[in-house]
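Written out below as C-alpha cells is the structure these notes cover.
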Amino acid sequence: MIEARHLRVLRAVAATGSFSAAGRELGCTQPAVSQQMKALESSVGTPLLVRSGREMRLTQAGEALVRHAAGILSGLTAAEEEVAAIAGLRAGRVRLVSFPSGSSTLVPTALAALRAAHPGTRVSLEEAEPPRSVELLREGDCDIALAFRYERAGGAGGAGGAGGAGQGGEGEWDDLVVRPLLTDRLVALVPERHRLARTGASGALAIGDLAGEPWIAGCPRCRGQLVQVCESAGFTPRIDFATDDYPAVVGLVGAGLGVAVLPQLAIESVRPRGARAVTLEPAVRREIVALTLPDLAQVPAVSATLDQLARAAARIV
C-alpha cells in the first residue's frame, strides 16, 4: 500500500536530486529519507530510483509515480479538509498564490473578511505570475491561484489574442474550476510633462500615438501582450527597460524615461507620482480569475476564500 508520506518524500527526492537535499526540504534526516524510499520501493515491488555515485535519477516506474503524486496528494488534502469541516472542527488551511497587483488590491480585502467570518481558517500567500501560478496549482503546491489572461488584441490588424505571444490558449484552464472575478482594462502611463499627458482630460489615446516612444515593459506575459498589441497597430515597441515590479515601472515613467501600458488594477495599487494614466482606445482588457482544482473546490475553506475574493472584486468593479 502506498502511503502519502512516502509520496511526499519521493516528490522531494525527484525535485532536489538527492536524499540529503530532500531531507533539508522536508525537515528530516538523510537516513530517514532513505528509509522511507526503501519502504516505498518495497510497497510497489520495483525500484523507483537509480543511484550512480552522487547522481540519482528516476526509473520509469518512479517517473510514473511522481507524475500521479500531485493529483493523489491534492485529493488527500481535499478529503482531510472536508472531513475536518464535517466533524465540526471549524478549521482549515488555504494556500493562495497571486500575481502582485492582485496581492495588493483583491487579496487584502478578501482575507480580512475571511478572517472575520472564519477566524480558524489559516491562509498563506505566495506571489507568482501566470503561467507559473497555474503550474503551482496543478503540481499540488497551492489551493487557489489568482491568474489572468488577455482578451484578443483590438485595433487595426487586430490579430492575436489569448493564443498569442506569451498567452495561453482558450482551453488552458479546462481542467480547472474557474471563478471569474473582474475584467481589468489596460491604460497608458506617460510622464506628467509628456506631450500626450493632457489627453487624459480630453479623451482617449491610441496605442499607435506612442509608436516612437521608449517603453518600460512589465512581467513576461504582460510584455508579450504589449508587443502583440503594438504590432497589431503597425509598430514594434522599443523596450528600454523591463521589470516585474509595478512601482518600478511607475518610477521609471515618472522620471521621464519612457512610457508604459499597465492594468488599471496595478495603477490603483501604486501612487503614480510624476506620471499620468491615459485611457487607451480601442480597449485592451485582461480577465482576472481565481482557479482551483475540482477536488479542492469542495473544501469549505477553499470555497469560502473564493467567495471572499469574488466579493472583493465586486467592490473594485
Side-chain angles (χ1 to χ4, degrees), residues 99-105 127-132 148-168 183-288:
F99 53 92
S101 58
S103 298
S104 59
T105 52
E127 285 195 343
E129 299 275 359
R132 180 54 188 156
F148 60 85
R149 59 184 171 191
Y150 287 96
E151 296 178 351
R152 290 188 175 276
Q167 309 305 311
T183 299
D184 191 19
R185 180 168 178 159
L186 300 193
V187 297
L189 198 66
V190 300
E192 282 185 343
R193 296 184 180 181
H194 193 276
R195 59 185 174 83
L196 296 173
R198 295 181 182 179
T199 305
S202 59
L205 183 69
I207 193 77
D209 294 335
L210 299 170
E213 302 289 338
W215 286 82
I216 295 100
C219 73
R221 175 164 279 206
C222 298
R223 202 173 309 154
Q225 177 69 10
L226 168 65
V227 172
Q228 181 181 315
V229 171
C230 290
E231 288 180 346
S232 74
F235 73 97
T236 300
R238 191 193 91 199
I239 299 175
D240 285 0
F241 303 97
T243 173
D244 293 351
D245 185 62
Y246 286 132
V249 173
V250 172
L252 290 166
V253 173
L257 295 173
V259 300
V261 170
L262 291 180
Q264 183 65 46
L265 203 62
I267 298 295
E268 291 180 7
S269 66
V270 181
R271 180 177 295 178
R273 295 177 180 174
R276 180 165 297 177
V278 183
T279 302
L280 279 177
E281 290 291 354
V284 181
R285 301 179 179 89
R286 65 176 184 170
E287 176 191 11
I288 295 177

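Here, residue 1 is the first one in the sequence, and each next residue gets the next number. Computed from a predicted model, the values in this text were never measured in an experiment.
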### Message
If I compare all heavy atoms of Ala233 with all of Ile207, which pair ends up nearest, and what's the gap?
### Response
CB-CG2, 3.4 Å

### Query
Hey, what do you get for OG1 (Thr183) to CG (Leu265), rounding to the nearest 0.5 Å?
11.5 Å

### Message
When you measure from the side chain of Arg221 to the backbone of Phe148, do you find a donor-acceptor pair of N or O atoms at a distance under 3.5 Å?
### Response
yes

### Query
For Arg185, does the CZ atom sit with more than 12 other heavy atoms under 6.0 Å from it, leaving out its own atoms?
yes

#### Entry: Between CD on residue Glu231 and CG on residue Leu226, distance to nearest 0.5 Å
9.5 Å

### Query
Could you give the distance from SG (Cys230) to CH2 (Trp215), rounded to the nearest 0.5 Å?
4.5 Å

Anything under 3.5 Å between a donor and an acceptor, one on a side chain of residues 240-256, the other on a protein residue two or more places apart or in another chain? List them.
residue	atom	partner	partner atom	Å
Asp240	OD1	Arg238	NE	3.0
Asp240	OD2	Arg238	NH2	2.7
Thr243	OG1	Asp245	N	3.0
Asp245	OD2	Ala248	N	3.0

### Query
Roughly how far, to the nearest 0.5 Å, is CD of Glu213 from NE2 of His194?
3.0 Å

### Query
When rounded to the nearest 0.5 angstrom, what distance separates OG in Ser101 from CD in Glu127?
9.0 Å

### Task
For residues Leu196 and Asp209, report the shortest heavy-atom separation together with the two atoms involved.
CD1-O, 3.8 Å

### Step-by-step side-chain hydrogen bond (donor to acceptor under 3.5 Å, both in side chains) determination, Thr105 to Glu268
CA-CA 8 Å; Thr105 52; Glu268 291 180 7; over 6 Å; no

### Query
Any sub-3.5 Å donor-acceptor pair from Asp184's side-chain atoms to Pro263's backbone N or O?
no

### Straight-line distance of Phe99 CZ to Cys222 SG, nearest 0.5 Å
9.0 Å

### Query
Do NZ/NE/NH1/NH2 and the carboxylate oxygens of Arg149 and Glu287 come within less than 4.0 Å?
yes

